[in-house]
Colleague: 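Pasting in a structure now, in structure tokens, and then I'll have a few things to ask.
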Amino acid sequence: MKDRPNFLIFVVDQMRADWLGCTGHKVVKTPNIDAIAAKGTIFSDFHVALPVCMPNRASMMTGRMPSLHGVRYNGLPLSRRANTFVDVLAKAGYDTAMIGKSHFQPFTDQAPLQAPDHTERLIAEAWEPDGQSYTQEEPETYAGETETPFEGSYYGFKHVQMVTGHGHRCGGHYAQWFRRKHPDWKELHDPANERPHSYTCPQAFRTPVPESSYPTAWIADKAVDYLRERDETPFCAMVSFPDPHHPFNPPGRYWDMYDPEDFDISLPFEGHQNPPPPLVHARYEWEQGKTPPIPQIGFFAGDREIKEAMALTAGMVTMIDDQVDRVVEALKASGKSDNTVIIFTSDHGDYLGAFNLLLKGPLQHHSITRVPFIWSDCEGAQTANTDALASTIDLSASVLDRAGLEPYWGMQGKSLLNAIQDGTGPRDALLIEHNDGGPRMGLKQPARVRTLRTAKWRLSLYANENWGELYDLSADPNETKNLWEDTSASGVKSDLALQLAEELAKQMDESPRSNRLA
């Protein structure tokens with residue numbers, strides 16, 4: 001393999017593993033991502049470290065689980081003290097760029113939902129504040145008309161073109177550009193000016209923002225510009241799209257590119273033989289006509305609403321695919337494609353109809369934990385598909401291994417190069433964490449979930465609950481029969497619980513190493 005390859009890493013937001021043509025979707029058109037996969041390796045059993053944006057993005061960057069890097073749920077910034085695999089690349093002489101949504105810090109200035117702590121404490125927290133600023137992604141940072149400069153390195157990235165938020169009203173550098181580009185930007189963002197439509201799906205919004213000014217297109221524009229400016233210095237560019245995350249608002253022709261009736265609800269609520277309490281609660285809330293207090297909470301929806309959400313999501317996915325093509329063509333035009341590794345993945349999935357749920361939540365169904373992961377290498381033989389178990393934390397170690405660089409002490413990720421070359425993975429089980437900042441979907445306390453995933457089983461332990469989940473993935477790949485209370489599976493449950501305990505025992509931070517005997 002050639003020395004010092006370039007890396008072009010595409011990250012999308014809230015996409016299930018099975019929502020690409022190359023991973024088996026029968027309706028969604030993704031010919032350009034499929035073309036990347038045709039020259040690379042598709043991982044069919046690739047899972048997130050935690051199925052929520054900020055924690056999993058921090059795991060992607062650090063190669064460490066949320067319980068170690070500290071971003072336990074949304075709203076907590078990744079410490080500026082944390083090293084990332086991009087820091088290592090930058091130290092080795094790589095030019096590094098983040099173009100799009102990073103979400104390493106909170107991008108709102110809103111207070112969290114949990115009840116305020118009115119207890120008088122002489123010391124509020126277990127740790128002293130680190131004294132760093134964590135407002136780089138907040139709206140006030142981009143209130144001016146001229147582009148806000150980023151000084152120094154941002155988690156290893158030397159070049160930053162920031163997009164914050166989701167949908168057609170994103171912030172960051174994009175918002176500053178949008179206000180300059182469109183003097184009528186307030187009208188374009190005004191909900192009263194929504195284009196007419198007949199959809200009833202919650203969070204479906206037909207934006208008047210033109211395709212060419214939508215965040216997905218702007219990110220591709222900036223990525224193309226970046227690639228055109230490359231010299232002989234090796235680079236790592238992360239191109240991160242905030243779609244197909246809700247709201248469901250593909251612009252222009254992408255709005256009605258797909259017909260809701262072309263989609264099937266293959267896993268309805270009735271398909272679960274003994275639904276767990278959060279699923280039962282979500283169904284009850286829907287029957288009572290209740291809606292979640294904030295748009296980010298997963299919810300139950302009717303069949304027509306699910307199909308509409310699928311059609312609009314498909315439009316957003318195809319728009320991403322079109323923009324991926326533009327970026328890849330720019331890479332080819334730069335003359336650097338023959339020494340560039342292209343990676344495609346997502347930060348987490350979406351229930352998107354699984355048991356009539358939308359968005360994400362505490363139930364650790366594979367629709368939100370399993371995401372696409374494609375590695376298309378410019379050199380060496382690759383297996384076309386692998387069912388090797390792999391995790392988001394493995395991306396960091398794999399990139400560094402491919403670059404010939406050693407990971408820092410405390411990185412938990414494992415290199416996937418063997419799986420890419422011959423299909424054999426480094427894991428026989430993996431851990432998935434989940435934490436909530438507040439109670440949701442009927443739980444009385446914020447969820448604290450730990451899942452053990454093997455090729456055959458999924459065991460999920462819910463702290464402070466008298467129920468859990470156990471599924472035989474070989475016999476029941478859609479996870480429709482919970483064996484937690486099944487006496488015939490008690491032996492397997494005990495074995496998996498012990499294996500989960502062993503995985504949890506590994507979650508001690510190995511960094512920093514001691515520098516004295518005692």
Side-chain angles (χ1 to χ4, degrees), residues 5-43 97-101 161 163 168 170 174 177 209-230 235-245 249-258 311-347 371-378 382 384:
N6 306 306
F7 297 94
L8 178 58
I9 305 173
F10 291 107
V11 181
V12 297
D13 198 330
Q14 200 160 304
M15 179 189 284
R16 291 171 49 136
D18 55 358
W19 266 66
L20 296 169
C22 60
T23 57
H25 205 284
K26 304 301 183 184
V27 180
V28 180
K29 301 176 180 66
T30 54
N32 302 301
I33 298 170
D34 296 349
I36 296 172
K39 297 180 179 179
T41 300
I42 299 173
F43 282 73
M98 162 55 72
I99 304 169
K101 179 189 173 184
Q161 296 276 262
V163 175
H168 72 298
C170 286
Y174 163 78
W177 169 86
V209 172
E211 292 174 22
S212 60
S213 293
Y214 190 75
T216 299
W218 183 88
I219 291 167
D221 289 344
K222 296 302 178 183
V224 168
D225 291 344
Y226 176 81
L227 292 171
R228 285 173 177 165
E229 296 167 358
R230 292 309 89 219
F235 69 84
C236 174
M238 186 172 286
V239 180
S240 182
F241 300 103
D243 276 358
H245 191 287
N249 66 345
R253 62 195 167 99
Y254 297 102
W255 172 271
D256 51 10
M257 181 173 283
Y258 294 92
L312 297 176
T313 296
M316 291 190 282
V317 170
T318 295
M319 184 175 190
I320 290 170
D321 186 74
D322 288 342
Q323 301 307 312
V324 164
D325 181 53
R326 291 182 56 219
V327 177
V328 171
E329 287 302 312
L331 175 68
K332 293 176 181 176
S334 74
K336 300 187 182 303
S337 61
D338 63 347
N339 194 33
T340 299
V341 176
I342 301 177
I343 299 167
F344 182 92
T345 192
S346 176
D347 63 351
V371 294
F373 187 76
I374 299 167
W375 180 291
S376 183
D377 211 306
C378 49
Q382 292 182 247

Colleague: Residues two or more places apart in sequence or in another chain: which of them pass side chain to side chain contact (heavy atoms under 4.5 Å, CB included) with A217?
Modeller: M319, Q323

Colleague: For A314, what residues pass the side chain to side chain contact (heavy atoms under 4.5 Å, CB included) criterion, not counting sequence neighbours?
Modeller: W19, V28, Y258, F263

Colleague: Nearest 0.5 Å please: distance from the CH2 atom of W177 over to the SG atom of C170.
Modeller: 12.0 Å

Colleague: At what distance, to the nearest 0.5 angstrom, does OG1 of T318 lie from CG of L20?
Modeller: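 Rounded to the nearest 0.5 Å, the OG1-CG separation comes to 10.0 Å.
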
Colleague: Looking at residues at least two apart in the chain, or sitting in another chain, which of them share a ring pair (Phe, Tyr, Trp, His ring centres under 6.0 Å) with Y226?
Modeller: H159

Colleague: Name all pairs fulfilling the salt bridge (Lys or Arg N to Asp or Glu O under 4.0 Å) condition that reach into residues 5-24, sequence neighbours left out, sorted by first residue then second.
Modeller: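 Salt bridge (Lys or Arg N to Asp or Glu O under 4.0 Å) check on residues 5-24 returns D13-R57, D13-K101, R16-D18.
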
Colleague: To the nearest 0.5 Å, tell me how far I320 CD1 sits from I33 CD1.
Modeller: 7.0 Å

Colleague: Please list, chain by chain and in numerical order, all residues satisfying ring pair (Phe, Tyr, Trp, His ring centres under 6.0 Å) with F43, sequence neighbours excluded.
Modeller: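 Applying ring pair (Phe, Tyr, Trp, His ring centres under 6.0 Å) to F43 gives F373.
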
Colleague: With sequence neighbours excluded, tell me which residues meet side chain to side chain donor-acceptor pair (under 3.5 Å) with T216.
Modeller: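 Side chain to side chain donor-acceptor pair (under 3.5 Å) check on T216 returns nothing, list empty.
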
Colleague: Identify, with sequence neighbours excluded, every residue that meets side chain to side chain donor-acceptor pair (under 3.5 Å) alongside H25.
Modeller: none

Colleague: Considering residues at least two apart in sequence or located in another chain, which fulfil the side chain to side chain donor-acceptor pair (under 3.5 Å) criterion with S346?
Modeller: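 Counting only residues at least two positions away or on another chain, S346 forms no side chain to side chain donor-acceptor pair (under 3.5 Å).
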
Colleague: Taking side chain to side chain contact (heavy atoms under 4.5 Å, CB included) as the test, write out the residues that go with K336, two or more places apart.
Modeller: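 If we apply the side chain to side chain contact (heavy atoms under 4.5 Å, CB included) test to K336, skipping adjacent residues, the hits are N6, R230, E232, F235, L331, S334, T340.
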
Colleague: How long is the gap from NZ on K332 to CG on L227, to the nearest 0.5 Å?
Modeller: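 So the gap between those two atoms works out to 13.0 Å.
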
Colleague: For D321 versus P31, what's the shortest heavy-atom pair and its separation?
Modeller: OD2-CD, 3.2 Å

Colleague: Run V324 and I36 through side chain to side chain contact (heavy atoms under 4.5 Å, CB included) and show every step you take.
Modeller: CA-CA 10 Å; V324 164; I36 296 172; 3.8 Å; yes

Colleague: Between D347 and Q14, what is the shortest heavy-atom contact and its length?
Modeller: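 Taking every non-hydrogen atom into account, OD1-N, 3.0 Å.
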
Colleague: May I ask you to test the L8-V327 pair for a side-chain heavy-atom distance under 4.5 Å?
Modeller: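 A side-chain contact under 4.5 Å exists here.
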
Colleague: Nearest 0.5 angstrom please: D322 CG to E211 CD, how far?
Modeller: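 If we round to the nearest 0.5 Å, D322:CG and E211:CD are 8.5 Å apart.
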
Colleague: Side chains of P215 and D243, heavy atoms from C-beta outward: is any pair under 4.5 Å?
Modeller: no

Colleague: Which pairs pass salt bridge (Lys or Arg N to Asp or Glu O under 4.0 Å) with one or both residues in residues 213-226, sequence neighbours excluded?
Modeller: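 For residues 213-226, and leaving out neighbouring residues, the salt bridge (Lys or Arg N to Asp or Glu O under 4.0 Å) pairs sorted by first residue read D221-R326, D225-R228.
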
Colleague: With a 4.5 Å heavy-atom cut-off, do V317 and V12 have their side chains touching?
Modeller: no

Colleague: T345 side chain to P372 main-chain N or O, any donor-acceptor pair under 3.5 Å?
Modeller: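 Yes: the side chain of T345 pairs with the backbone of P372.
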
Colleague: Under the rule for side chain to side chain donor-acceptor pair (under 3.5 Å), what residues qualify as partners of D256, not counting sequence neighbours?
Modeller: none

Colleague: Looking at T30 and G21, what are the two nearest heavy atoms and their distance?
Modeller: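 Smallest heavy-atom distance, with atoms named: OG1-N, 2.8 Å.
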
Colleague: Show the nearest heavy-atom pair for residues V209 and H168, with the distance to one decimal.
Modeller: CG2-CD2, 3.8 Å

Colleague: Any non-hydrogen side-chain atom of Y214 less than 4.5 Å from a side-chain atom of Y254?
Modeller: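 In short, these two side chains do not touch, never coming nearer than 4.5 Å.
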
Colleague: If we only count heavy atoms from C-beta on, is the I42 to T23 side-chain gap below 4.5 Å?
Modeller: yes

Colleague: Check whether any side-chain heavy atom of C378 lies under 4.5 Å from a side-chain heavy atom of D338, and answer yes or no.
Modeller: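 C378 does not reach D338 side chain to side chain.
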
Colleague: Report the C-alpha distance between I374 and T41 in whole Å, list the side-chain angles of each, state the deciding distance to 0.1 Å, and finish with yes or no for side chain to side chain contact (heavy atoms under 4.5 Å, CB included).
Modeller: CA-CA 6 Å; I374 299 167; T41 300; over 6 Å; no

Colleague: Just verifying a value: how many Å separate I342 CD1 and I9 CD1, rounded to the nearest 0.5 Å?
Modeller: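 The CD1 atom of I342 sits 11.0 Å away from the CD1 atom of I9.
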
Colleague: Is the W218 ring parallel, tilted or perpendicular to the Y174 ring (thresholds 30°, 60°)?
Modeller: perpendicular

Colleague: Heavy-atom distance under 4.5 Å between the side chains of W255 and M316, does that happen here?
Modeller: no

Colleague: Suppose we screen for side chain to side chain contact (heavy atoms under 4.5 Å, CB included). Which residues come up paired with K39, at least two apart in sequence or across chains?
Modeller: S376

Colleague: Determine the interplanar angle of the W375 and F7 rings, folded into 0 to 90°, and report it as parallel if under 30°, tilted if 30 to 60°, perpendicular if over 60°.
Modeller: perpendicular

Colleague: Is there a side-chain contact between M98 and Q161, using heavy atoms and a 4.5 Å cut-off?
Modeller: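 Counting from C-beta outward, M98 and Q161 never come under 4.5 Å.
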
